Asks: 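Can you read through this structure? Questions will come right after.
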Amino acid sequence: MSGHPTMPIDIDEPDEAVRVRLVVNGRKTVCEVAPRDTLVDCLRNQLELTGTHAGCEMGACGACLVQLDGHAVHACLMFAVQAEGARIDTIEGLSESGAIADLQAEFHRRNALQCGFCTPGMLMTAHELLSNVARPSREAIRDALSGNFCRCTGYEAIVDAIAAVAEARAARAAEGTPQ
Amino acid sequence: MTAPLTSLDRPNSYIGRSVPRPNAKRLLAGRGRYVTDIRLPRMLHAAFLRSPYAHARIIGIDVEAARALPGVHLVAMGADLAKICTPWTGTLDHFKGMTSEPQLPLPLDRVVWAGQAVVAVVAESRALAEDALELISVDYEELPAVVDLDAARAPDAPRVNPASQSNLCFRTQLDSGGVDEVFASAAHVIEQEFSFGRHTPVTLEPRAIVADYDPEGSTLIVHHATQTPYQFQDLYSRHYNIPEASVRVIAPDIGGSFGMKLHVYHEDMAVVGLSILLGRPVKYVADRIESFVSDIHARDHQVQARMAVDADGRILAMDIHDATAIGAFSTYPRTSVVEGNQVIRLIGAPYDFRSYRAVLEVVFQNKVQTSQYRAVGHPIACAVTERMVDLAAGAVGLDPLAIRAKNVIPDDAYPTASPTGYRFEALSHQACLRRLRDLMDYDALRAEQTELRQRGIHRGIGIATFVEITNPSPAFYGVGGARISSQDGATLSLTPSGEVRCAISVTEQGQGTEAIVSQIVADQLGVAQEHVKVITGDTEVTPHGGATWACRGAGIGGETALQAARRLKANILEIAALVLQEQPAALDIVDGQVVSVATRQPRLAVAEIARIAYFRSDTLPPGTQAQLTVSHHFAPQGYPFAFTNGIQGCSIEVDVETGFVKLLKHYVVEDCGRIINPMLVDEQLRGGVVQGLGAALFEECRYGETGQLLNGTLADYLVPMAMEMPDIVIDHVETPTADTILGAKGCGEAGTAAASACVLNAVNDALAPFGASINTIPITPARVLKALNRF
């Protein structure tokens, strides 16, 4: 009912700290985590990067998506210790680097978010999709969003925003403008 | 380029304009500040041990080992909290004869649903608190559990509350008279039974609360993921006996609410008590499975319906029996009866007929409580009504649009009233019907359907007309004795720099409250929208008000902002008139400049008036006290509700081999009165439609025989995802309410109200060639195959 599977009787063990070295949003970071801490626990509690959200804690809703070595992963589905040595980019890092500025602007322009709780995960998926496919069809966008649960929007504005950014990026690429 | 200028071409004319939400940029950058993000110094974390049984007596609880665990600060049981918290009872006075047991944060001796919180642990981390839960043993004596509605209504059913004579919470009856006579002489009588499953709101951010009691000052600050902070300020004050002014409730960014986050939950009440007992901040965030077993569920109705129709297809009468199962308690403070009450009062609402009879029975069972969730009662009322209308159309050989055109209340018939007693100011069913026919290209869709049927492709078209309740007046909860406000308040200030600060009691959960309030204030004051800062969600900063529920944000909150802005403008112009040696009536404000009404020439910047009033009041005439802050409240008067209306249509395809239903396209024509921000209205509608589509096809809280919730994860409980959802085409008719200056009504529930009815009718339309029909929601593939006798 309440969280973790049965713990061993010696409950000191799961809280023993382990040092994990990560590159988070471009900075080398060392975290002291418990073996049972998930990556989302580590990001939110240790590093105070609260942009990554925990929605279902089983990889179904996508609110916790972050980039690990350049690919979107569920931060709730891996332990922090498993990320040893990895490069993690969260919504805060992608915002500061400007990597998704056009996606954020288009989401804003079209109101492709309401409460905003799912939004960091949506942007991670959109970023990953557009990194792999230059001009995805609307169906391909909807398919890519199949791991992102939004209760507010009805999805259509999100699909519209991603499609519009894909078009704009393609048009800029055709003109030879650096992106 | 020669289109005539409209009102939107004036400077600062923001009402009616699709401007983006200012606060959305923050959320897009991951800079939201939700209650789940809040950490306070010395903060501890709570976790709850929950009942594995749906009904059991608590014989004993052993918490010694848990208390001894390092890092655990408190283990509390029902009796510990009962010493400081007074019980609550979820009844309203105007629901005569309604019963519900008194509730406490944690039970004293009996659990009544599987998942009910029994023991609280407060520790230095959530993980440690959960470790401690493992060390608690509870000795239960299992009692017979009442799981489904029929079982609960049986005369010899075990009682959910042993002190009651039956499992009936409430029964009521409406009767306009003459119903039996009309049915006896009608050309056609249609009868049908409907079943609506339980579903649950599933906000993406779970319930979250941080309670911070300061024993030195006897003050309580609660950071609470709620849509109604003032209501909780009142409740925490009264149930924990703390003066109201010493209780502050802060609702920052909220990750979805949909009605779910305005009810009293046992854990939330407990966390406040835990903080009082410890004198330290205590945080609790429900995890997803806890949300499934302790958030309110909704719907869960069995409806028997009869409709009498004349030979031409005119509706003559309806006769309804609605039985609804609400779980073990009625929720507090709104009660679990409101949904059923709205079902029986909204059935038939779009149609012009006089003879109506309905019985409502509200029944307890050993499950988590049901209560108000987006579009309370509307989807049930709409699905029953609209399916009956389609069946009537079939009986008399009319097209679904034609029978609706024949029966809706004519647009020139207002004001009028429904046979259930609702008074309608002005609705636009006929205009909406005409608009939908064009929007869908209805005739072409029908032709395509016929053609595809010959090729074995089974498409269906569904239509559903609806009436939505918005802008509730004090007649809604106030008359029942609940301390739930129907008024809102705003405090509007001109800052020394000439900007505007608006602290308002309506709250923001992503629907755009802050955006529309800043649009209204900027429009009315004549300043740029970016110079208006809107503050919501803090009882210490904003005036008391109802906040955001029942689609009252724009209609009531917006009108509050409008009236406050007009008062502030009058005050600004009074000072300006003194400075300029003019009459106030000769002055106006445009683009942040005081202008002459006659010439429109700028005379003085608003910022200059603020500078003079705040810093150089010595230069104003003796006796002048500049009132550049105004506080204003507004409560609806006139009609008890601002009813809205609209119509939805959808096109679906049923795979008769697998039972899968594919949504092809959805259409909405909606009339919410004055539209403040068309983009936000459309996105509210789309989000609402998708919640209705989820109810139609996917969402159902499934229970086993012993009352265990069987699908309490987001992998098992299906919610609509992008891949299954159709594009949603939206059009508007605008009939402003004359009860307010603004003329706005609500739009947040309209999408949900009719979407599942549309799909129900469309699936039945697709199944018609097979002589199959389905009247159970959600329409799962298994149910479709069963209807087709293939499963």
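Computed from a predicted structure; not experimentally measured. To find a chain, count down the sequence lines: A is the first, B the second, and so on, and within it residues start at 1.
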Asks: Between chain A and each of B/Gly30, B/Gly694, B/Gly256, count heavy-atom pairs under 4.5 Å; write down the option with the most.
Replies: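 Heavy-atom pairs under 4.5 Å are most numerous for B/Gly30.
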Asks: Can you confirm whether B/Met721 sits close enough to A/Tyr155 that some side-chain heavy atom of one is under 4.5 Å from a side-chain heavy atom of the other?
Replies: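 The answer is yes; the side chains approach within 4.5 Å.
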Asks: Is it the side chain or the backbone of A/Thr119 that comes within 4.5 Å of chain B heavy atoms, both, or neither?
Replies: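 A/Thr119 touches chain B through side-chain heavy atoms alone.
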Asks: For the side chain of A/Arg44 and the backbone of B/Thr36, is there at least one donor-acceptor N/O pair under 3.5 Å apart?
Replies: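 Yes: the side chain of A/Arg44 pairs with the backbone of B/Thr36.
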Asks: Please classify the contact between A/Leu123 and chain B as side chain, backbone, both or neither, with a heavy-atom cut-off of under 4.5 Å.
Replies: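 For A/Leu123, the contact with chain B is made by the side chain alone.
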Asks: Could you state the interatomic distance from CD (A/Gln114) to CD (B/Gln509), rounded to the nearest 0.5 Å?
Replies: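 It is 10.5 Å, given to the nearest 0.5 Å.
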Asks: Please classify the contact of B/Phe258 with chain A as side chain, backbone, both or neither, using a heavy-atom distance under 4.5 Å.
Replies: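 The side chain, not the backbone.
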Asks: So which atom in A/Phe117 and which in B/Leu204 form the shortest heavy-atom distance, rounded to 0.1 Å?
Replies: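 Closest approach of A/Phe117 to B/Leu204, heavy atoms only: CE2-O, 3.6 Å.
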Asks: Which atoms form the tightest heavy-atom contact between A/His108 and B/Arg21, and what is the distance?
Replies: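 Shortest heavy-atom separation between A/His108 and B/Arg21 comes out as NE2-O, 2.8 Å.
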Asks: Can you name the nearest heavy-atom pair linking A/Ala157 to B/Glu683, along with the distance?
Replies: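 What the structure gives for the nearest pair is CB-OE1, 3.5 Å.
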Asks: Let me know if A/Glu57 has heavy atoms under 4.5 Å from chain B in its side chain, its backbone, both or neither.
Replies: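 Only the side chain of A/Glu57 comes within 4.5 Å of chain B.
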Asks: Using a cut-off of under 4.5 Å on heavy-atom pairs, state which of B/Val690, B/Leu714, B/Asp37 scores highest against chain A.
Replies: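 Sorted descending by pairs with chain A, the first entry is B/Asp37.
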Asks: Do NZ/NE/NH1/NH2 and the carboxylate oxygens of B/Asp131 and A/Arg36 come within less than 4.0 Å?
Replies: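 Salt bridge present between B/Asp131 and A/Arg36.
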Asks: Can you tell me which portion of A/Asp160 sits under 4.5 Å from chain B's heavy atoms? Options are side chain, backbone, both or neither.
Replies: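 For A/Asp160, there is no contact with chain B at all, as no heavy atom is under 4.5 Å.
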Asks: Check whether B/Val689 gets within reach of chain A through its side chain, its backbone, both or neither, counting any heavy atom under 4.5 Å.
Replies: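 When you check distances to chain A, no heavy atom of B/Val689 falls under 4.5 Å.
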Asks: With only heavy atoms counted, which part of A/Arg110 is less than 4.5 Å from chain B, the side chain, the backbone, both or neither?
Replies: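 Contact with chain B involves the backbone of A/Arg110 alone.
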Asks: So which part of B/Glu508 gets closer than 4.5 Å to some heavy atom of chain A, the side chain, the backbone, both or neither?
Replies: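 It is neither, since no heavy atom gets under 4.5 Å.
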Asks: Considering all heavy atoms of both residues, which atom of B/Gly32 and which atom of A/Thr50 are nearest to each other, and what is their separation?
Replies: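 That would be O-OG1, 4.4 Å.
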Asks: Counting N and O atoms only, with roles assigned by atom type, does the side chain of B/Arg31 sit under 3.5 Å from a partner on the main chain of A/Gly51, one being a donor and the other an acceptor?
Replies: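 No; judged by distance alone, with no hydrogens or angles, the pair does not exist.
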Asks: Do B/Asp727 and A/Arg142 come close enough that some side-chain heavy atom pair is under 4.5 Å?
Replies: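 Contact flag for B/Asp727/A/Arg142 side chains = yes.
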Asks: Identify which part of A/Glu139 has an atom lying under 4.5 Å from any heavy atom of chain B, answering side chain, backbone, both or neither.
Replies: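 For A/Glu139, heavy atoms of backbone and side chain both lie under 4.5 Å from chain B.
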Asks: Where on B/Arg26 is there a heavy atom nearer than 4.5 Å to chain A: the side chain, the backbone, both, or neither?
Replies: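 No part of it gets close to chain A.
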Asks: Side chains of B/Pro720 and A/Arg151, heavy atoms from C-beta outward: is any pair under 4.5 Å?
Replies: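 Yes, their side chains come closer than 4.5 Å.
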Asks: Between A/Ser95 and chain B, which part of the residue has a heavy atom less than 4.5 Å away: side chain, backbone, both or neither?
Replies: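 It is the side chain, since no backbone atom gets that close.
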Asks: To the closest 0.5 Å, what do you measure between CZ (B/Arg126) and CG (A/Asn45)?
Replies: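 Going from CZ on B/Arg126 over to CG on A/Asn45, the span is 12.0 Å.
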